[in-house]
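To keep things clear, I will list the structure first and then write my remarks on it.
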Amino acid sequence: MATNTAHTEAPGGHKIPFPPFNAQTFASQLFWLAIAFTFLYVAMSKLALPRIGAIIDGRAKRIADDLAEAQRLKGESDAAIAAYEKALADARARAQLIANEMRDKQAAEAQASRKKLEDALNVKLADAEKSIAATKKAAMANVSSIAAQAATAIVERLIGTAPGEKAVADAVAEALKR
Amino acid sequence: MADPIHQFQIVDLVPLGKIGSSEIAFTNSALFMAIAVGGITAFLLGATSSRRLVPNRMQSMAELSYEFVANTIRSTAGTEGMRFFPFVFSLFMFILTVNLIGLIPYAFTVTTHIVITAALSLSVFITVLVYGFWKNGLHFFNLFVPKGIPIFILPLIVLIEVMSFLSRPISHSVRLFANMLAGHITLKVFASFVTMLTAYGVFGWAGAVLPLGLTIALTALEMLVAVLQAYVFAILTCIYLNDAIHPGH
């Protein structure tokens, strides 16, 4: 292998120059460093980095979009839940209202029909009391005539003569009064 | 092969000719630069060719390297620093790949030559200077004048700031160069202990266990150093570029 430094392999005596400080190799190294680094810089700045940057930005954008979409959908579902709850509350309130109305109406109807029935019953009761009073009166009249007859019959058996009709009636009336 | 310096020899593979008095040849260094550059480009373009919404492993790695460098720039130089994203990304990937390839036995490590690291750090330095003056004009000199310093020590501070600014390309390049060079020499020294000791029979074999273990441990350490130095180079580049973008401290 040819080396830049002629005395590298020289036996003894010669001091081997320290390769990093061997100025003869500088031009070659700088020449190739310039080419290699320029190539790398161009490849990175024109190809690799824009591509990786686009991938990363695209992903960040996609995530942001997805999050925004999720937020939007969440908002929609929240609105739907709110609407549903409002509808439910309205329906409850209406049901309550209808139930109250119905109950009041039915209570009023029941009250009215009871009143009617009570009136009818009261009329019937009054009639019944009237007929009871009449029957009693008639019965009482019969009782006095039966008592008079019985008294007449008893007296006649005891004394042999029938008492005066008027006297017997007075005596019966006197007895019934007590 | 026991010479720990031999691995840094530049070997002409294809002599090409001369530019002026300088000889230009396709060397082992150039070969490994080409392998690194070709590998990075092929990896990044191949891994992202299907542009998946849900990345597979390779695409994930490509995206990870992109986001890693992008986050480094954003955190040190702000969003304005992103205009230098291709530059910093190329630097980071180039140094990282070249360092890692260099750890493969018999491979050549491009960054063990100071001329390479100096060229890279000077390209950063010149970018900072040119962009700093183009964007800020003479306000770029505010970089050397920190606010809130008493007037009587200001000249001293400005002197220190100027010197630290001018020494940046040196520390920037020597840090990477020295780390890679020292690591590879250490690895080579310990590895050559193993081959030397095994020449002494059974006891030599037993004695070689220690340097072999050290070589393995050092290889792991050098992996860390390879990645870390690429990151350090990139983050220092970002910090220097931040000075060009926002010189007002």
Side-chain angles (χ1 to χ4, degrees), chain A residues 1-70, chain B residues 3 5-13 15-16 18-27 29-31 33-34 36-38 40-41 43-45 47-49 51-55 59 62-63 65-67 69-70 85-87 89-91 93-94 110 112-116 119-120 123 177 181:
Chain A
M1 257 195 271
T3 54
N4 263 342
T5 47
H7 34 224
T8 308
E9 307 293 331
H14 270 313
K15 199 139 170 65
I16 300 166
F18 188 50
F21 299 145
N22 183 353
Q24 278 182 303
T25 64
F26 285 2
S28 269
Q29 291 196 65
L30 289 175
F31 176 77
W32 290 108
L33 176 68
I35 290 175
F37 196 76
T38 308
F39 175 86
L40 182 67
Y41 183 84
V42 172
M44 292 300 106
S45 60
K46 299 291 173 211
L47 293 174
L49 295 180
R51 188 191 281 183
I52 301 174
I55 291 171
I56 291 171
D57 290 352
R59 183 179 302 129
K61 189 177 173 300
R62 174 78 184 270
I63 290 169
D65 287 357
D66 284 1
L67 281 178
E69 177 73 4
Chain B
D3 177 13
I5 304 300
H6 184 263
Q7 58 179 322
F8 306 120
Q9 284 295 347
I10 298 281
V11 180
D12 292 356
L13 301 177
L16 293 177
K18 287 190 169 205
I19 293 177
S21 62
S22 314
E23 196 167 341
I24 302 296
F26 189 79
T27 61
S29 171
L31 175 67
M33 282 189 227
V37 166
I40 296 165
T41 311
F43 163 64
L44 289 178
L45 292 182
T48 56
S49 59
R51 297 160 200 259
R52 288 163 204 266
L53 187 66
V54 179
Q59 189 182 325
E63 288 178 15
S65 58
Y66 178 101
E67 300 226 313
V69 177
F85 180 48
F87 180 52
F89 187 82
S90 302
L91 276 175
M93 290 305 276
F94 181 75
V110 177
T112 53
H113 279 256
I114 185 132
V115 65
I116 299 290
L120 292 175
S123 69
F177 157 70
L181 186 82

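In the text below, chain A, chain B and the rest are named by the order of the sequence lines, each starting its count at 1. Below, all heavy atoms of this structure are taken into account, side chains as well, without hydrogens, waters or symmetry copies. Owing to the predicted nature of the structure, the values given are computational and were not obtained by experimental measurement.
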Chain B contact via [X] - side chain, backbone, both or neither, heavy atoms under 4.5 Å:
X       : answer
A:Ile55 : side chain
A:Arg62 : side chain
A:Ile56 : side chain
A:Tyr41 : both

Can you measure from [atom1] ([X]) to [atom2] ([Y]) and round to the nearest 0.5 angstrom?
X       : Y        : atom1 : atom2 : value
B:Phe85 : A:Leu49  : CZ    : CG    : 5.0 Å
A:Leu33 : B:Leu120 : CG    : CG    : 5.0 Å
B:Glu63 : A:Arg59  : CD    : CZ    : 4.0 Å
B:Phe89 : A:Ser45  : CZ    : OG    : 11.5 Å
A:Met44 : B:Leu45  : CE    : CG    : 6.5 Å
B:Asp12 : A:Thr25  : CG    : OG1   : 9.0 Å

With the side chain counted from C-beta on, respond yes when [X] and [Y] share a heavy-atom pair under 4.5 Å apart, and no when they do not.
X       : Y        : value
B:Leu31 : A:Trp32  : no
A:Leu30 : B:Val115 : yes
A:Arg51 : B:Ser49  : yes
B:Ile5  : A:Pro19  : yes
B:Thr41 : A:Leu40  : yes
B:Phe87 : A:Phe37  : yes

Given heavy-atom pairs under 4.5 angstrom as the criterion, report whether the side chain, backbone, both or neither of [X] touches chain A.
X        : value
B:Thr48  : both
B:Leu181 : side chain
B:Pro15  : neither

| note | Most contact-rich option vs chain A, by heavy-atom pairs under 4.5 angstrom, among B:Leu91, B:Leu44, B:Leu53, B:Ile40, is B:Leu53
| query | Can you tell which of B:Arg52, B:Glu67, B:Met93 has the highest number of heavy-atom pairs within less than 4.5 Å of chain A? | reply | B:Glu67
| request: Specify whether B:Phe177 and A:Phe21 have parallel, tilted or perpendicular ring planes, treating 30° as the upper limit for parallel and 60° as the lower limit for perpendicular. | output: tilted
| Intermediate values then yes/no, side-chain contact (heavy atoms from CB on, under 4.5 Å), B:Thr27 and A:Phe31 | CA-CA 11 Å; B:Thr27 61; A:Phe31 176 77; over 6 Å; no
